[in-house]
Amino acid sequence: MSEPTESSDSLKVSRFTYRQLQGLRHGSTATPLRVIAHIDLDAFYAQCEMVRLGIPRETPLAVRQWDSLIAINYAARPFGISRLINVAEARKLCPDLVLQHVATFREGEGGRWAYRDDSFKNISTDKVSLDPYRAQSRKILQTMKEALATWSADNTEVENQNSKQELSAVLEKASIDEVFIDLSPLIYRALLQRYPELRMGTQDENRDAELPTPPTTALQWDTDCLVDLDQHETEEDDPDWDDIVMLIGSEIVRSVRNTVWEKLSYTCSAGLGRNKMIAKLGSACNKPNLQTVVRNRAVQNFLRGYKFTQIRMLGGKLGEQITAAFGTEKVSDLLSVPLEQLRTKLADNTASWLYGIIRGDDRSEVNPRTQIKSMLSAKSFRPSINSLDQAEKWLRIFAADIYGRLVEDGVLENRRRPKVITMHYRTAQSRSRQIPIPGSNAIDENLLYDLASTLLRQVVADGQAWPCSNLSLSVSSFEDGVSNNKAIEGFLIRGDQAKALTHSSRLRDADNSPNEQDQAEKRRKLDGERGRIKSFFGNPSHLEYTATDEPDGSEEPVEKDPELSGIPRFVCPRCSKSMFEYEKEEHDDWHFAKDLASQDREKAKASQPPPPTKSSARGTPARGRGGRAGGSRGKPEKGQMRLAFQ
DNA sequence: GCTGATGAG
DNA sequence: GGCTCATCAGC
């Protein structure tokens with residue numbers, strides 16, 4: 001064989017480096033190998049009703065709220081039924097349409113929602129409840145997490161799982177029926193297992209070296225919908241690792257969707273891409289029940305066809321301003337506008353954000369948020385109401401609604417409580433008032449009601465209170481409280497009390513079949529919580545990661561006397577963690593990845609402007625999300641703080 | 001900390 | 001159009 005210098009074939013390497021591969025491990029937002037999925041339940045409220053009522057997929061169904069439609073299943077869409085028409089028009093278009101009204105609370109019946117045959121006639125006494133959908137949403141999210149864990153267990157080596165029970169993929173619940181998943185860490189582990197040639201030798205220090213090329217066999221995309229490639233790219237080109245990671249990602253998402261279907265009978269659509277924006281646009285491309293893959297080599301072609309007003313954050317006034325400024329809504333038109341010219345009409349940070357986003361550059365993180373940050377209960381009045389008495393009746397219902405949700409979400413058991421209560425009030429103009437929730441009392445319906453009533457009286461005293469066309473109550477600024485063992489004891493007692501409460505004070509109507517499931521779900525959840533607390537005392541290794549995920553000794557019990565075991569130990573010079581010598585390599589990798597991630601974060605901060613904010617379209621420069629990072633508070637993400645008590 | 005506004009579904 | 005939820009600006 002001759003020297004490879006002449007042959008371009010044998011010189012071939014990947015376009016990607018070991019460093020970029022490593023970026024997959026710990027949430028680097030900059031690596032081109034990143035894989036984000038967006039999963040969207042198909043016509044979610046409609047599916048909830050179909051599942052609840054046992055209605056077959058082919059039966060047209062719509063969910064109604066008073067006289068309007070808020071969800072239409074896919075069987076009903078060919079009839080021309082959309083959210084824009086009313087009930088009468090829908091019946092005309094499709095006489096066999098099943099019309100199911102959402103569950104409601106009813107004045108004088110406390111905090112119990114129910115499905116009622118006559119709720120559409122009772123707009124003046126009923127208030128919509130979305131609880132049934134929230135419950136299904138929670139169940140689906142949980143099933144998705146389990147499916148991811150199962151795939152992970154089946155597809156990555158045990159030694160790589162490192163005795164941790166927790167899922168390495170990050171899930172962000174984006175709304176009641178949508179979720180983002182950062183699949184990168186999962187895919188990283190699967191890659192190393194399937195392609196051992198990607199593993200770096202210990203002596204190999206050059207992280208900027210190119211990866212070897214992947215096998216050239218054609219990729220099997222199964223039932224996925226692929227977005228056409230950009231100009232100058234062809235399907236005949238050999239795949240590179242960014243194609244392979246998408247393929248693995250699509251395999252994971254398919255398995256998650258299958259599990260949700262098999263266990264809960266819900267279909268969903270999904271999009272896969274290198275970031276949240278692309279994944280989100282992708283999931284809407286092929287509905288229902290399909291997944292769309294946007295490979296890196298297809299991104300330009302994919303985005304070119306969109307109106308930029310369909311891109312996240314550009315759907316509102318900012319989008320309008322941009323449309324007005326440049327006389328177009330098309331991404332393709334805006335692509336030919338140089339950055340300098342964007343800057344002449346937009347604030348600098350908005351201009352550079354826009355410049356990047358229409359080219360497919362979005363480095364926003366998948367936020368491991370799982371807990372809700374505020375709860376709101378509201379009612380519009382048609383006609384308006386005119387007395388304190390009427391308003392207070394609604395406040396009772398709002399208080400019961402919110403209290404019920406506080407209990408169901410387990411916020412009371414977690415001793416996570418809202419600190420602020422707010423009342424919004426609309427007459428000719430709209431106003432809002434808020435006060436702190438006193439930390440001394442236990443939260444119950446009466447406390448919430450009393451506070452709300454105080455707020456209402458303040459507004460009424462201000463004058464201009466009637467007629468009132470809209471009223472709402474919300475709680476926010478949740479605080480997690482557990483900080484010592486005594487508090488945890490209290491936690492357990494409160495958990496039992498809360499459990500008793502859910503059985504006594506929140507009994508559902510007899511024909512409310514899902515509620516029994518809910519109760520069972522709740523019991524399991526409570527048991528699960530207690531199990532976790534116990535395991536915290538007994539064996540810290542089962543704990544969720546803390547906010548910093550430092551190897552601080554909480555993760556693994558340190559031997560009382562290391563010498564007794566006879567196994568050689570090692571103390572890390574960087575973090576002083578003591579470990580067995582055979583763990584050194586993995587630990588070193590951990591530091592490396594951690595460093596890399598923080599480098600990436602800094603780089604992203606420096607190179608990518610924050611998403612635009614309201615007043616930033618013109619005039620005063622606005623502080624975006626990025627600007628806050630180094631600013632007033634270095635608070636860690638709330639969602640990651642759970643059980644981080646020491 | 002309080003209030004209003006915007007943007008998402 | 002109604003009901004949520006999140007985030008930010010400006011005070």
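- Taking the side chain to side chain contact (heavy atoms under 4.5 Å, CB included) definition, one finds that A:Pro288 meets it with A:Asp42, A:Tyr74, sequence neighbours left out.
- Within the nucleic acid shown, A:Ser380 comes within 4.0 Å of sugar-phosphate atoms alone, with no base atom in reach, counting heavy atoms only.
- At C:dC5, one or more side-chain N or O atoms of A:Arg405 fall inside 4.0 Å of OP1 or OP2 (strictly under the cut-off).
- Of the candidates C:dA6, C:dT4, C:dG2, C:dG2 carries the atom nearest the A:Gln65 side chain, counting heavy atoms from C-beta on.
- Contact check, A:Lys379 against C:dG2: no side-chain N or O comes under 4.0 Å of OP1 or OP2.
- Shown here is A:Asp118, whose CG atom has more than 12 heavy atoms of other residues, nucleotides or ligands within 6.0 Å.
- For the OP1/OP2 pair of B:dT6 and a distance below 4.0 Å, the side-chain nitrogens and oxygens of A:Lys317 include at least one atom meeting the criterion.
- Under the 30°/60° scheme for interplanar angles, the aromatic rings of A:Tyr115 and A:Trp113 are found to stand perpendicular.
- We find that CG of A:Leu471 is positioned 11 Å from P of C:dC3, with the value rounded to whole Å.
- Rounded to a whole Å, the CG atom of A:Leu69 is 17 Å from the C1' atom of B:dG9.
- For the residue pair A:Gln291 and A:Ser269, no side-chain donor N or O sits within less than 3.5 Å of a side-chain acceptor on the partner.
- Checking C:dC5, B:dG9, C:dG1 against the side-chain heavy atoms of A:Ser374 singles out C:dC5 as nearest.
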Shorter than 3.5 Å, N or O on both sides, protein versus nucleotides 1-3 of chain B: list them out with atom names.
from	atom 1	to	atom 2	distance (Å)
B:dT3	OP2	A:Gln434	N	2.5

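- Residue-level contact check: A:Arg134 touches the backbone only, with heavy atoms under 4.0 Å from sugar-phosphate atoms and none from bases.
- At whole-Å resolution of the value, CZ in A:Arg312 and P in C:dT7 are 11 Å apart.
- Regarding A:Lys173, its NZ atom lies at a distance of 14 Å from the P atom of C:dT4, rounded to whole Å.
- A side-chain donor-acceptor contact under 3.5 Å links A:Glu49 and A:Tyr133.
- Among the nucleotides C:dT4, C:dA6, B:dA8, the one closest to any side-chain atom of A:Lys280 is B:dA8.
- Summarising the geometry, the separation between CZ on A:Arg426 and C1' on B:dA5 is reported as 13 Å, rounded to the nearest angstrom.
- Residues A:Asp389 and A:Ser387 bring no donor and acceptor atom of their side chains to less than 3.5 Å of each other.
- Of the candidate nucleotides B:dG9, C:dG1, C:dT4, C:dG1 has the atom nearest to the side chain of A:Arg83.
- As a whole-Å value, the separation of A:Leu376 CG from C:dG2 P is 15 Å.
- Nearest nucleotide to the side chain of A:Glu178, out of C:dT4, B:dG9, C:dG2: B:dG9.
- Applying the 6.0 Å contact sphere to NZ of A:Lys287 captures more than 12 heavy atoms from other residues, nucleotides or ligands.
- Both cation-pi conditions hold for A:Arg64 and A:Phe120: the charged atom is under 6.0 angstrom from the six-membered ring centre and inside a 45 degree cone around its axis.
- No contact: A:Ile176 has no heavy atom under 4.0 Å from any strand.
- Of the candidate nucleotides B:dA8, C:dA6, C:dG1, C:dA6 has the atom lying nearest to any side-chain atom of A:Lys373.
- The distance from atom NZ of A:Lys276 to atom C1' of B:dG9 is 15 Å, rounded to the nearest whole Å.
- Separating the CZ atom of A:Phe398 from the P atom of C:dC3 is a distance of 8 Å, rounded to the nearest angstrom.
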